[in-house]
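These notes are about the structure you will find just below.
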Amino acid sequence: MIVDCAEASESLFYTNSSLRLYNEVSDNRRDSQDSFREYAQRHVRTAITNAAASGVGGANIHPRRGTSHYSKRMRRRLVYKNGEVNITQTNIRKRRRRYLADIFTTLVDIKWRYNLLLFALAFTFSWLIFALIWWLVCFSHGDLDHLENQDWKPCVLEIKTFTSALLFSIETQHTIGYGTRHTTEECPEAIVLMMFQSCFGVICQALMTGIVFAKLSRPKKRAETLMFSKSACICKQDGDLCLLLRVGDMRKSQIVEAHIRAVLIKKKITKEGDVLPLFQFDVDLGFDEGRDRLFLVWPVIIVHKIDEDSPFWELSPEDLHREQFELIVILEGIVESTGMTTQARSSYLPGEVLWGHRFERLVTFQKENGQYQIDFSRFHNTIPVDTPNCSAKELAEMTAAGQTPEQTFGGARPEQGDLDDDDDDDDDEEDEEENTSLSAKSDRYLKRNGPYVIKRHGAAQTDYFGEDFDSLRSKQSTSTDLGSQEMSETLL
């Protein structure tokens with residue numbers, strides 16, 4: 001009994017070790033549905049946990065406080081960045097029968113390898129079945145017993161074995177007609193069989209051609225060239241807090257009648273106390289003003305005004321990262337080339353909403369050739385801007401009371417040493433601060449905080465590309481032989 005217990009304990013130890021090893025390998029593997037940020041967050045969490053366990057910097061590392069809840073929400077994404085939905089359907093009665101009832105849609109939706117395998121098997125089995133029928137026709141007529149009789153008139157010439165019957169079946173179904181094998185007037189059933197197989201071959205080829213064309217021209221593939229920004233931004237625009245996101249199209253062919261809508265998936269508790277975990281809140285993207293209807297000749301910034309009807313009305317920067325929601329954006333339109341409707345989807349989690357940022361400008365007018373140039377390398381880039389560090393509701397209340405909200409911009413707060421200066425110096429600094437342009441604020445912010453803006457959980461919000469810090473200067477100048485001459489102008 002003692003030996004059995006020892007063996008059981010040893011077996012349990014190896015089983016637990018194998019499970020731990022499998023979990024580590026599974027956690028470090030990047031799935032095809034994961035975005036890069038999800039993959040990075042998982043590795044950061046693993047690295048911090050290992051460092052805390054080994055005692056390296058353990059006094060300053062809090063693995064669960066900074067990354068655990070954020071990574072958990074990232075893994076529970078409802079709609080992936082590529083537009084695929086993270087939903088699995090189970091317990092559907094008569095599922096196969098329902099799929100077979102709409103066989104064309106089923107064949108279009110299945111993967112290419114299964115589609116090609118299915119049609120290859122269909123052609124192969126049809127050749128074999130018709131070859132067997134041809135062989136039986138010739139056998140019943142007695143053609144195989146009179147192969148050496150020159151005066152015997154068979155149903156089909158030159159059919160001697162099953163192999164020759166198979167070759168004749170392929171020639172008949174695909175109308176090849178090599179000329180050595182053909183039917184005669186001796187057997188009416190052979191003529192009827194030839195007519196039936198010819199019709200069957202035309203139907204199979206037409207169905208195969210239609211399925212291949214439908215799969216190649218699916219509007220779902222057109223959505224691959226429609227782009228969504230990796231992050232959404234919240235900043236102040238026209239005196240109100242607004243949620244910004246960017247959409248664009250890489251092709252020159254237009255999306256006709258393009259319109260965009262958004263929903264927020266969030267838990268809701270009704271007045272009766274019922275919990276709705278996946279309730280859809282409507283996010284207004286300017287439907288009344290027509291701003292949801294887009295003309296995608298260049299990347300467009302979509303604006304959601306955070307008002308009393310917005311689900312972001314009471315969210316502050318601190319509340320934003322504590323909330324559990326998913327913003328799903330849906331872009332629909334008609335493909336100009338095919339006339340079919342396409343739909344592109346993306347989603348944003350709380351960790352992908354940047355407070356106090358706006359998108360970098362990327363449309364430049366080239367004066368030397370008179371064309372508009374779009375730099376897609378800046379499509380996902382954002383820059384920090386002056387933004388109140390409070391919710392939209394608090395901002396409206398402070399504005400109504402005549403108060404000035406606290407700003408998130410680093411240059412808006414005075415240094416500790418400036419508090420010891422005289423009153424005259426303070427007044428001069430305030431006047432200078434009011435006259436300072438946004439470009440100067442950005443330069444001072446970069447000088448103080450470095451080229452990266454770090455958000456919570458250690459993930460970088462934006463990068464610094466180039467010396468102009470996103471087209472904050474509205475014009476770029478290049479040197480020529482005639483001197484400094486304006487060659488381009490940044491617009492959007």
Side-chain angles (χ1 to χ4, degrees), residues 22-23 26-27 29-35 38-39 42 71-126 203-204 206-224 226 228 259-270 272-283 324-335 338 340-349:
Y22 175 79
N23 292 332
S26 300
D27 190 62
R29 184 178 64 250
R30 180 181 179 183
D31 296 332
S32 60
Q33 305 291 355
D34 290 345
S35 63
E38 295 171 358
Y39 181 66
R42 190 159 58 245
S71 300
K72 184 182 297 182
R73 290 202 306 268
M74 295 294 286
R75 290 195 300 268
R76 297 175 60 183
R77 186 187 295 271
L78 180 63
V79 177
Y80 295 109
K81 284 295 186 178
N82 58 2
E84 296 184 6
V85 183
N86 184 22
I87 292 178
T88 302
Q89 300 173 348
T90 58
N91 299 328
I92 301 178
R93 297 185 60 185
K94 301 179 181 180
R95 183 173 186 173
R96 295 181 180 178
R97 185 182 303 178
R98 296 174 185 270
Y99 276 112
L100 291 177
D102 188 11
I103 186 63
F104 183 80
T105 305
T106 303
L107 293 177
V108 173
D109 289 340
I110 61 177
K111 297 181 179 181
W112 273 106
R113 53 180 176 266
Y114 300 123
N115 209 330
L116 296 177
L117 178 62
L118 178 62
F119 277 95
L121 293 177
F123 279 115
T124 303
F125 282 120
S126 64
I203 293 174
C204 283
L207 184 61
M208 180 62 182
T209 304
I211 293 296
V212 171
F213 176 77
K215 290 183 69 67
L216 291 177
S217 61
R218 281 189 301 175
K220 181 180 179 181
K221 297 301 181 182
R222 179 62 175 88
E224 297 293 335
L226 296 175
F228 292 89
H259 57 278
I260 192 170
R261 58 190 177 95
V263 293
L264 187 74
I265 308 298
K266 184 181 177 182
K267 182 177 67 174
K268 178 184 178 181
I269 302 178
T270 63
E272 294 77 15
D274 296 335
V275 178
L276 306 178
L278 298 177
F279 188 80
Q280 298 185 12
F281 294 89
D282 182 59
V283 179
Q324 295 187 11
F325 65 84
E326 183 172 353
L327 178 64
I328 300 176
V329 184
I330 305 170
L331 175 63
E332 296 178 343
I334 301 175
V335 182
T338 61
M340 294 185 292
T341 303
T342 185
Q343 183 183 94
R345 298 180 295 267
S346 185
S347 67
Y348 300 92
L349 295 179

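Just so you know, these numbers come straight off a predicted model, no measurement behind them.
When side chains are defined from C-beta on, Arg345 counts as touching Val85, because their heavy atoms get closer than 4.5 Å. Using a 4.5 Å cut-off on side-chain heavy atoms (C-beta onward), Ile211 and Phe119 make contact. At a threshold of 4.5 Å between non-hydrogen side-chain atoms, the residues Asp274 and Ile269 do not count as touching. At least one side-chain heavy atom of Ile260 sits under 4.5 Å from a side-chain heavy atom of Val329. Using a 4.5 Å heavy-atom threshold, the side chains of Leu276 and Lys266 count as separate. Between Asn86 and Arg77, the closest side-chain pair of non-hydrogen atoms is not below 4.5 Å. Taking 4.5 Å as the limit, every side-chain heavy atom of Phe213 sits out of range of all side-chain heavy atoms of Arg218.
Taking CZ from Phe104 and CG from Asp109, the interatomic distance works out to 10.0 Å, rounded to the nearest 0.5 Å. Distance check: Leu121 CG to Ser126 OG gives 10.5 Å after rounding to the nearest 0.5 Å. With rounding to the nearest 0.5 angstrom, the CD atom of Glu84 is 12.5 Å from the CG atom of Leu78. Residue Phe325 holds its CZ atom at 11.5 Å from CD1 of Ile265, rounded to the nearest 0.5 Å.
Heavy-atom neighbours of Tyr99 OH from other residues, nucleotides or ligands within 6.0 Å: at or below the threshold of 12. Atom CZ of Arg98 sits in a sparse spot, with 12 or fewer heavy atoms from other residues, nucleotides or ligands closer than 6.0 Å.
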(request) Given side chain to side chain contact (heavy atoms under 4.5 Å, CB included), test Met340 with Arg222 step by step and report yes or no. (result) CA-CA 10 Å; Met340 294 185 292; Arg222 179 62 175 88; over 6 Å; no
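The minimum heavy-atom distance between Cys204 and Phe123, with the atom names listed, is CB-CE2, 3.8 Å.
At least one donor-acceptor pair under 3.5 Å links the side chain of Glu326 to the backbone N or O of Val79. With hydrogens and angles ignored, the 3.5 Å screen pairs no side-chain donor or acceptor of Lys267 with any backbone N or O of Leu278.
Listed by chain and number, the residues in a side chain to side chain contact (heavy atoms under 4.5 Å, CB included) with Tyr114 are Ile110, Lys111 (sequence neighbours excluded).
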